[in-house]
Visitor: 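This is the structure I want to talk about, given as structure tokens.
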Amino acid sequence: QVQLVESGGGSVQPGGSLRLSCAASGPISSIYVMGWYRQAPGKRRELVAIITSGGGTVYANSVKDRFTISRNNAKNTVYLKMNNLKTDDTAVYYCKLGQAVWGQGTQVTVSS
């Protein structure tokens, strides 16, 4: 059974940076798309960024030029580097593999 484990969340002041990691374990294929989603209190879960096995990326407009998604296929790991964080970025961030495998989520709080 495939499992995803996220790490790297925490609390930071506006303008700060964080780096999230998501490691996949189990029988997976590197061809899967991996991505990050987030859910703020009272809001729907939304796409943050996705990356294909070949390195193609898609970002939400709200995070373009601030966040960078990357992956290491050899380590079955996807990363999200978040710069210039804003209070609106506060949410639980979830990693996703393919169409249906989710991580447990990691809290990111941006507050002064």
Visitor: Under the 3.5 angstrom rule, does the side chain of R71 hit a backbone N or O of I51 as a donor-acceptor pair?
Guide: yes

Visitor: Please report the shortest heavy-atom distance between S112 and P14, naming the atom on each side.
Guide: N-CD, 3.7 Å

Visitor: Using the ring of Y79 (Phe, Tyr or Trp, six-membered ring only), decide whether R19 places NZ or CZ under 6.0 Å from its centre and within 45 degrees of its axis.
Guide: yes

Visitor: Heavy atoms, side chains only, cut-off 4.5 Å: are C95 and W36 in contact?
Guide: yes

Visitor: Rounded to the nearest 0.5 Å, what's the gap from CE on M82 to OH on Y93? Could you check?
Guide: 5.5 Å

Visitor: Sequence neighbours left out, what passes ring pair (Phe, Tyr, Trp, His ring centres under 6.0 Å) with Y37? Give chain and number order.
Guide: W102

Visitor: Applying a strict under-4.5 Å side-chain criterion to I, L, V, M, F, W and Y, I'd like to know whether L97 and V5 cluster together.
Guide: no

Visitor: List in chain and number order the residues that pass side-chain hydrogen bond (donor to acceptor under 3.5 Å, both in side chains) with T109, two or more places apart in sequence or in another chain; answer none if no residue qualifies.
Guide: Q107

Visitor: Just by distance, do the side chain of T90 and the backbone of V110 share a donor-acceptor pair under 3.5 Å?
Guide: yes

Visitor: Looking at every heavy atom in both E6 and G103, which two are closest together, and how far apart are they?
Guide: OE2-CA, 3.3 Å

Visitor: Identify the heavy atoms of G35 and I69 that sit nearest to each other, and give their distance.
Guide: CA-CD1, 4.2 Å

Visitor: Picking from L85, T106, L80, N83, what satisfies side chain to side chain contact (heavy atoms under 4.5 Å, CB included) with L18?
Guide: L85

Visitor: Any side-chain heavy atom of S17 sitting closer than 4.5 Å to one from K81?
Guide: yes

Visitor: Side-chain contact, heavy-atom cut-off 4.5 Å: L20 with S7?
Guide: no

Visitor: Is any side-chain heavy atom of R66 closer than 4.5 Å to one of D89?
Guide: yes

Visitor: What distance separates K96 NZ from L47 CG, expressed to the nearest 0.5 Å?
Guide: 9.0 Å

Visitor: Count the heavy atoms belonging to other residues, nucleotides or ligands that lie under 6.0 Å from CD of Q3, then report whether that count exceeds 12.
Guide: no

Visitor: Please list all pairs passing the salt bridge (Lys or Arg N to Asp or Glu O under 4.0 Å) test where one or both residues lie in residues 43-62, with sequence neighbours left out.
Guide: R38-E46

Visitor: How close do N76 and M34 get, counting heavy atoms only, and between which atoms?
Guide: O-CE, 4.5 Å

Visitor: Is the shortest heavy-atom distance from the side chain of L4 to the side chain of V101 under 4.5 Å?
Guide: yes

